[in-house]
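Remarks on the structure that follows.
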Amino acid sequence: MMDKAYNPAQHEDEISGLWEASGFYTPENLPGDRTEPFSIVLPPPNATGTLHLGHAMYVLQDVMIRHARMQGKKTLWLPGTDHAAIATQSKVESMMYAAEGKTRHDVGREELLRRIDAFVEESKSTINNQLRKMGFSLDWTRERFTLDPGLVHAVQTMFIQMANDGLVYRGDRVVNWDPKLHTTVADDEMEYKEEKAPFYYFQYGPFVIGTVRPETKFGDKYVVMHPDDERYAAYRHGDTLEVEWINGPITATIIKDEAVDPAFGSGVMTITPWHTPTDFEIAQRHGLDKEQIIDLDGNLLPVAGEFAGTHIEEARPKIVEKLKAKGLLVKIDEEYLHSIAVSYRGGGKIEPQIMKQWFVAVDKPVVAWKGKTQTLKEVALDVVREGDIQIVPDRFNKTYEHWMENLHDWCISRQLWYGHRIPAWYHSGDAAREKPVVQIDSPGADYTQDEDVLDTWFSSGMWTFSTLGWPQKSKDLNTFHPTDVLETGYDILFFWVARMILMTTYGMGEIPFRKVYLHGLVRDKFGQKMSKSKGNGIDPLEMTAKYGTDAVRMSLVTGTTPGNDVRLYEEKIANFRNFVNKLWNVSRFVVMNEASAGEPSRADRWILSRLHALIRDVDRAYADDQYGQACDRLYGFVWHEFADWYIEMSKLKTVPSIKQREVLGTVLKLLHPVIPFVTEVVAKEAGMVMPHGMLMVDEWPHADESMIDPALDKRFDAIQQIVTDVRNLRREYRIAPGRKLEVLAVDMPEEDTALIAHLARVHFVPEKSYTTAAHLVSGEQKFIIPLDGVIDVEKEKQRLATQMVEVEKHIASIADKLNNEKFMQNARADIVDQTRDLHAQRETELQQLKKSLEALS
RNA sequence: GGGCACUUAGCUCAGUUGGUUAGAGCGCCUCGUUUACACCGAGGAGGUCGUAGGUUCGAAUCCUACAGUGCCCACCA
């Protein structure tokens, strides 16, 4: 027997168990003859602990998968986790440091990796439990991890293939070095912080140069200015001059380059190619020398002379002091505001360095695509521009293109221990490590492997196909690749989505997915971003325990639109808990009532009309990726059409409603992708006939548009309006509930008046009228302008005149029948006035309309 | 500096191709316990749809400008 209120905790585990035991999460086990595949790979959460509410947005994928499964598709939703090299290693390192005061160098590579593995195992199991708890229909038999042997093999294969094609190369480039974490950091793993810092102006020969970082200036022997700068026209490119500098005289060379902004400072600068990307580019353009000034720990090198070995922060004021003593300090601007780059993860100040690193060449034409040999970048742009990949919402197309167009070669080596170790080997005789041998196994005893690991996005870039068996030509790849949708947050469009497109078009020769659906960020009560690193994530389990998984799921789906942020808070979840309970009770009512037989009533035909309109609208919403709208529509139908009217009507014994079960069954199916638990429970309780006894694999309803009857819908709108009006009338004039109220029937079929009579407890007096007396009495009279544009103005006027007479008559008649003092005195005058006003208003409208119609013709 | 989005009820937000009276939930007020549901029902108050122009018979919706908010990208020595 069904309880009065739905208790999620009582059912969810059982239902989960049922689903999993069925094996239907695995496509091969699905019933029926399914040929059309539908696949999604789960964006792998980082194996760094637990999931937060941001991850709960995965629910959209479950909605898509469950929907497709009910449509009879061969559905695969593949789960897995990401080793997230830098995030995981730094998390374990900091836990280790906090607990034992040990660093990775104290325990060594092997022990650290052992600890990380243990931590990751625990994380994975926590994460998987959370995913199960959310009711996600993931195929656990295909679970993957980016460091699984198969995936390691795939990553190595890809690296080697790219190296052979010349797409992966080793070179000296400026990289973002994090002196704290001792690794390079990707461009998009940095963030900029505003900082106020003293800006120093120094005399450099005849010039004045400005800098916030005097400690980098030791080796500056190039002085650069814009070629068109009139002030320095006397100096020619390549001229040399002697200048007095920090540690004595130096020979400076004049360089003219357009990168210099003449309007900034003096329009002259000296450059430090080793530690500034822009300077590096200038140096490359002119073939200038580059010299390292700062070491990897942030200490000054011998070039600094007396300052060698000093940390830069410590050295800076001393250098300024020295320059001042030499009379080279011109002035200091203390209010200078500039932004400094810090590492996303560790928060260390980024120090650009020239280092030997591995790169992916994005501008090298080696990718065979659509019969042409193109660059990685060109292909990645092409697939989006040509619509092979659709980005939802499409405004992100521009963002994507802009980013892709400006992409530089991608640095993929990281000085970490955890991750995919680079399959490159150096001979002991090659001290400079300039001739790496790229292959999986060691070429021999004289070789040592590269110590670095790959950027974690290198392996996650391969996620759609490495998980399906690549480089083997597996059956899964054949069936499920390209995947149908990639659903993820817009915040990792660049990090991940773009890289998947680069890697997959090259590696597979096909797109990774047909559609990218980007959701917004889930923000907390205060609009704060819930992020992996900030640790302000809310535990989804807490909410599911309190309000039920369905309520959490629905509150994440309803009211969300693609690409827009979602704010989630407890009241919202509570509201959907109420909805779930409403559905439960509607079902309870239906189940408790014997199904009646006979001819469908007008109410039956109405609810079926509404139901099929609902299916149509939900289908449209799904097709347009408007999941929020689908939910909204379902919410409204269940509560305000099915429960408030149809069920209420069915309580009147005189209005048989025999479609209760049918409607309920359809509604359960439509709601199942969003709120799978309660719908599954109710379907069982209601004894619905389902394949394998499970709603999960039942058929998605089909919208029969011939069932939709707009005239009937309109009629019922009117009926509902009249009932409401009459109820108001009753209240207004304090007519006792027991007392019958007589109103005029208006061009209305017997069936309708009967319904109104019951719902509003009125007695109808048949009489001809333009509209209903109930409308008139409650002051709700409205004139509808026909939209077909065919209006007989004279006839309409005539009609209005007649109506005025009728109105007077009606009012007299109603008043008599009501026999109510107050009504007699007040209402009568009011209504007559009101009707006159409307009459006048209508006249004006008609004149205007006439004019415009004439103007048109 | 470049780009994108947002601005609708007290709060959080829907409103896709312009079209009857701009919606929902929460909150607030009134009434109500008729056995599906108080995790409820009936009703109500509350909106110059950021501002100013324009297009149109008709604009929250399209166009222009402006203001405020948020985000992304780039970054100057």
Side-chain angles (χ1 to χ4, degrees), chain A residues 2 4-6 187-188 192 199-200 209-213 216-217 220 224 259-261 263-272 276-279 282 336 338-339 341 393 395-396 398-399 402-403 406 490-491 493-494 520-521 523 525 527 529 547-548 551 555 558-572 574-593 620-621 624-626 628-629 631-633 635-636 639-640 643-644 647-648 650-651 723-724 727-728 730-732 737 780 782-787 789 848-849 851-853 855-856:
Chain A
M2 294 170 82
K4 271 182 90 164
Y6 175 61
D187 286 347
D188 32 27
Y192 291 91
F199 191 81
Y200 307 96
I209 58 160
T211 184
V212 273
R213 304 199 55 195
T216 64
K217 295 286 161 198
D220 287 11
V224 191
V260 179
D261 177 5
F264 186 87
S266 58
V268 177
M269 68 176 189
T270 59
I271 57 168
T272 316
T276 314
T278 321
D279 295 1
I282 294 172
Y336 184 69
H338 76 144
S339 49
R395 65 182 140 93
F396 282 101
K398 249 189 224 167
T399 323
H402 182 256
W403 184 84
N406 293 306
Y490 64 72
D491 55 328
L493 178 63
F494 305 139
L521 303 175
R523 308 194 106 95
K525 225 185 244 175
K529 183 173 159 182
Y547 297 103
S555 54
T558 311
T560 66
T561 41
N564 288 342
D565 291 351
V566 193
R567 234 174 245 207
L568 195 72
Y569 42 90
E570 214 165 322
E571 299 92 299
K572 195 169 165 185
N575 175 243
F576 288 102
R577 184 267 320 264
N578 295 354
F579 173 77
V580 166
N581 189 243
K582 185 75 182 179
L583 178 68
W584 173 263
N585 274 292
V586 166
S587 312
R588 200 155 83 96
F589 178 84
V590 172
V591 170
M592 280 162 67
N593 279 274
R620 278 183 193 164
D624 294 345
D625 302 298
Q626 296 286 351
Q629 266 185 49
C631 280
D632 247 14
R633 190 70 178 76
Y635 186 104
W639 209 307
H640 302 301
D644 287 354
I647 295 282
E648 285 307 315
S650 77
K651 287 179 181 170
V723 170
T724 306
R727 281 177 182 161
N728 285 345
R730 238 174 220 292
R731 190 195 329 277
E732 197 175 333
E780 286 296 320
K782 288 284 187 283
F783 299 96
I784 311 296
I785 300 172
L787 289 174
Q848 279 172 357
L849 199 60
K851 245 186 252 167
S852 52
L853 284 172
L856 272 175

Could you tell me whether the side chain of A/Lys398 has a donor or acceptor atom within less than 3.5 Å of a complementary atom in the base of B/rC4? no
Contact class for A/Asn575 vs. all strands (heavy atom < 4.0 Å): base, sugar-phosphate, or nothing? sugar-phosphate
A/Asn564 has its side chain closest, among B/rA5, B/rC39, B/rA36, to B/rA5
Here's a test of your reading of the structure: between A/Val586 and A/Asp279, which maps to the more 5' nucleotide of RNA chain B? A/Val586
A/Asp624 near the nucleic acid: base, sugar-phosphate alone, or nothing, with a heavy-atom cut-off under 4.0 Å? base
So, does A/Lys4 get its side chain near the phosphate of B/rC40, meaning an N or O under 4.0 Å from OP1 or OP2? no
Non-hydrogen atoms of A/Pro562 and A/Gln626 that approach each other most closely: CD-OE1, 4.0 Å
What's A/Tyr635 touching, base or sugar-phosphate or nothing? Going by heavy atoms closer than 4.0 Å. sugar-phosphate
Remember a base hit wins even if backbone is also touched, and classify A/Ile647 as base, sugar-phosphate or nothing at under 4.0 Å, heavy atoms. base
Is A/Arg588 near enough to B/rC37 that one of its side-chain N or O atoms lies under 4.0 angstrom from OP1 or OP2? yes
Proximity to the side chain of A/Asp261 - top-ranked nucleotide from B/rG41, B/rC76, B/rG25: B/rC76
Answer with base, sugar-phosphate or nothing: what part of the nucleic acid does A/Ala574 contact at a heavy-atom distance below 4.0 Å? nothing
Proximal nucleotide (of B/rA77, B/rA42, B/rC39) relative to the A/Asp644 side chain: B/rA42
Enclosure of A/His640 NE2 (heavy-atom neighbours >12, cutoff 6.0 Å): yes
Decide yes or no, distance alone: a donor-acceptor N/O pair under 3.5 angstrom between the base of B/rA14 and the side-chain of A/Gln626. no
Is the closest side-chain donor-acceptor distance between A/Tyr547 and A/Asn575 under 3.5 Å? no
Among the candidates B/rA77, B/rA14, B/rU12, find the nucleotide nearest to the side-chain atoms of A/Tyr569. B/rU12
Heavy atoms under 4.0 Å, any strand shown: does A/Arg395 hit a base, just sugar-phosphate, or nothing? sugar-phosphate
Indicate, with a heavy-atom threshold strictly under 4.0 Å, whether A/Val260 touches base, sugar-phosphate, or nothing. base
For B/rA42, does either OP1 or OP2 sit under 4.0 Å from a side-chain N or O belonging to A/His640? no
For B/rG25 and A/Asn578 - does any side-chain N or O of the residue sit under 4.0 Å from the phosphate oxygens OP1/OP2? no
Nearest-nucleotide pick for A/Thr278, side chain only, options being B/rA36, B/rC76, B/rG15: B/rC76
Measure from the side chain of A/Trp639, starting at C-beta and using heavy atoms only, and say which of B/rC40, B/rU12, B/rG15 lies closest. B/rC40
Give A/Asp565 one of three labels, base, sugar-phosphate or nothing, depending on what nucleic acid heavy atoms sit under 4.0 Å from its own. nothing
Which dot-bracket string describes RNA chain B (Watson-Crick N1-N3 plus N6-O4 or O6-N4, or G-U N1-O2 and O6-N3, all under 3.5 Å; [ ] crossing; | other strand)? (((((((..((((.....[...)))).(((((.......))))).....(((((..]....))))))))))))....
Choosing from B/rA36, B/rC26, B/rG41, which nucleotide comes nearest the side chain of A/Glu571? B/rC26
A/Asn581 side-chain proximity, nearest of B/rA42, B/rC39, B/rA77: B/rC39
Just call it for A/Thr561: base, sugar-phosphate, or nothing, with non-hydrogen atoms closer than 4.0 Å on any strand. sugar-phosphate
